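A short worksheet on the structure shown next.
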Amino acid sequence: MSTTTINLIDSFQEFKDFKNIDRPTVISVLEEVFRSMLRKKYGTDENCDVIVNPDNGDLEIWRTRKVMEDGFSEDDDLEIELAEVSKLDSTLEVGDDYIEQITLESFGRRAILAARQTLVSKVLELEKDEIFKKYKDRVGEVVTGEVYQVWKKETLVLDDEGNELLMPKTEQIPADYFKKGDSVRAVISKVEMINANPKIIISRTAPEFLQRLFEQEVPEIFDGLITIKKIVREPGERAKVAVESYDDRIDPVGACVGMKGSRIHGIVRELKNENIDVINFTNNTSLYITRALSPAKITSIKLDDETKHASVYLKPDQVSLAIGRGGHNIKLAGKLTGYEIDVYREAGEETDEDVDLEEFSDEIDSWIIDELKAIGCDTAKSVLALTVEDLVKRTDLEEETIKEVVQILKSEFE
């Protein structure tokens with residue numbers, strides 16, 4: 001057997017190992033390649049049988065011609081004259097079928113090389129089609145892959161079958177930092193064919209990613225007892241999730257957060273400490289906006305449903321909470337409710353207003369604030385009402401620290 005033939009048989013062997021292609025497709029592709037070789041050589045393949053066995057790489061080609069009386073054959077591709085056939089098989093008579101096996105070698109070296117070429121490109125095409133089809137139906141699903149290469153603008157991730165997934169920088173959480181070999185979870189966000197190549201885009205910033213994580217962590221969502229009505233995100237910063245349950249016995253927010261935050265904790269970790277507010281959905285717009293602006297407490301609200309505009313009035317110490325760090329809170333509340341929200345300080349005796357300790361989080365460490373809250377002081381005035389000695393006794397804080405805190409709080413009211 002010539003090496004060329006062996007090469008073709010090899011491609012054949014490779015062919016059966018392709019993971020994404022099913023048997024009938026393999027057989028029909030191979031058959032088509034050999035039939036086109038037959039057509040080139042004999043002008044027709046209608047009287048040929050191609051038998052392919054992809055399991056062991058076997059191939060047989062049989063050609064059948066009708067035996068004719070000498071001088072009566074009109075088409076040598078379909079018929080053979082008695083004189084010629086009797087040299088090959090003396091038992092045959094006029095009207096019989098003469099069946100012969102065609103060997104691969106008989107096609108000649110060039111034809112076999114061309115066939116191999118066709119075969120390889122057909123396989124690649126099929127593989128690409130299969131990958132495209134497989135992923136097209138999986139948009140919105142979470143995949144886990146391994147980081148293969150990190151470039152400036154995107155990261156190449158391989159799934160467990162070695163298919164390439166692309167995660168552009170824009171689809172990564174700002175705090176994401178990947179290196180080769182890292183395992184990464186993301187949602188399949190877009191699958192397209194570009195120049196006959198499947199391009200699979202995955203995302204960690206899409207709202208769907210957060211939704212899938214909730215489905216994985218909260219069985220009630222997976223089972224459909226709790227519905228996620230809407231998700232809005234500032235990836236890596238903050239997210240707001242509106243949930244609803246049709247079963248009065250289920251508290252949707254409690255179920256999503258879990259005992260002591262056990263369920264939401266895993267999600268927050270996966271999203272690089274993104275702050276997640278879970279709120280109860282309602283069709284009552286002003287209540288919905290009030291909930292969406294949490295943790296700020298609202299005093300009153302005026303709605304203009306025509307222009308989808310809401311004016312929200314709060315006590316002065318709640319204003320910056322409503323707006324949130326970098327304006328994320330109010331921006332997301334607006335996206336969640338579909339209303340443009342304006343925040344106003346409530347007029348009143350500003351000087352006597354107390355200020356929530358959380359307001360000082362940029363000047364006072366959060367663990368110090370937590371210490372003070374633990375003894376029941378959650379506003380500036382409640383801390384100032386106690387003496388430094390009292391505060392030292394009741395908290396685990398150093399006197400120095402407490403004096404600094406008191407100084408900061410006092411300056412607020414001066």
Side-chain angles (χ1 to χ4, degrees), residues 140 142 150 152-155 167-178 182 184-187 189 201-218 221 228-243 253 256-258 261-281 288-298 310 312 314 317-343 356-367 369-370:
V142 169
V150 180
K152 205 168 173 181
K153 293 213 170 125
E154 54 191 6
T155 298
M167 182 158 55
K169 200 78 182 147
T170 49
E171 303 299 322
Q172 296 174 27
I173 297 168
D176 275 341
Y177 172 72
F178 299 118
D182 283 352
V184 58
R185 268 207 293 181
V187 71
S189 70
I201 303 289
I202 57 175
S203 167
R204 285 169 57 77
T205 57
E208 290 79 28
F209 184 48
L210 180 49
Q211 177 156 356
R212 296 294 167 265
L213 292 177
F214 265 108
E215 286 167 6
Q216 289 172 4
E217 296 290 336
V218 184
I221 293 180
I228 293 182
K229 298 293 279 187
K230 191 165 186 184
I231 292 182
V232 288
R233 285 179 72 189
E234 284 285 326
E237 291 289 343
R238 189 165 211 139
K240 287 188 182 285
V241 183
V243 292
V253 174
C256 291
V257 176
S262 57
R263 286 175 170 178
I264 209 160
H265 189 66
I267 301 176
V268 170
R269 245 200 338 254
E270 175 71 58
L271 299 182
K272 302 285 186 272
N273 294 332
E274 191 167 308
N275 228 318
I276 302 173
D277 300 329
V278 185
I279 64 168
N280 247 319
F281 176 79
Y288 193 32
I289 292 174
T290 305
R291 288 174 179 171
L293 278 170
S294 70
K297 292 176 183 57
I298 289 170
V312 174
L314 311 102
D317 63 336
Q318 295 293 306
V319 172
S320 61
L321 267 181
I323 291 168
R325 196 174 87 200
H328 292 313
N329 200 48
I330 191 161
K331 190 161 144 198
L332 289 176
K335 275 191 191 167
L336 189 70
T337 56
Y339 273 69
E340 193 178 322
I341 302 171
D342 282 328
V343 168
D356 198 307
L357 278 188
E358 290 290 344
E359 297 283 299
F360 296 94
S361 57
D362 44 0
E363 297 172 84
I364 303 173
D365 287 342
S366 60
W367 62 273
I369 293 177
D370 290 343

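Predicted model, so just to flag it, every value in this text is computed and none were measured.
Residues satisfying the side chain to side chain contact (heavy atoms under 4.5 Å, CB included) test with Val319, not counting sequence neighbours, are Leu314, Ile323, Val343, Arg345. Listed by chain and number, the residues in a side chain to side chain donor-acceptor pair (under 3.5 Å) with Asp342 are His309 (sequence neighbours excluded). Judged as a side chain to side chain contact (heavy atoms under 4.5 Å, CB included), and not counting sequence neighbours, the contacts of Lys169 are Gln172. Here Glu237 pairs with Glu234, Arg325, His328 under the side chain to side chain contact (heavy atoms under 4.5 Å, CB included) rule; sequence neighbours left out. Residues satisfying the salt bridge (Lys or Arg N to Asp or Glu O under 4.0 Å) criterion with Asp356, sequence neighbours excluded, are absent altogether. For Ser203, the side chain to side chain contact (heavy atoms under 4.5 Å, CB included) test picks out Glu171, Val187, Ser189, Thr205, Ala206, with sequence neighbours left out.
Side-chain contact between Lys272 and Asp176 is present, with at least one heavy-atom pair separated by less than 4.5 Å. Between Ser294 and Ile279, the closest side-chain pair of non-hydrogen atoms falls below 4.5 Å. Proximity of Ile276 to Phe214: side-chain heavy atoms (C-beta onward) are separated by under 4.5 Å at one or more points. Side-chain contact between Val184 and Thr155 is absent, with no heavy-atom pair separated by less than 4.5 Å.
In this structure, the side chain of Lys230 does not engage the main chain of Thr337 through any donor-acceptor pair within 3.5 Å. Between the Arg185 side chain and the Val142 main chain, no donor and acceptor come within less than 3.5 Å of each other.
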Candidate pair Leu271 and Phe209, rule side-chain contact (heavy atoms from CB on, under 4.5 Å), full reasoning: CA-CA 10 Å; Leu271 299 182; Phe209 184 48; 3.7 Å; yes
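Around NZ of Lys335, the count of heavy atoms belonging to other residues, nucleotides or ligands within 6.0 Å exceeds 12.
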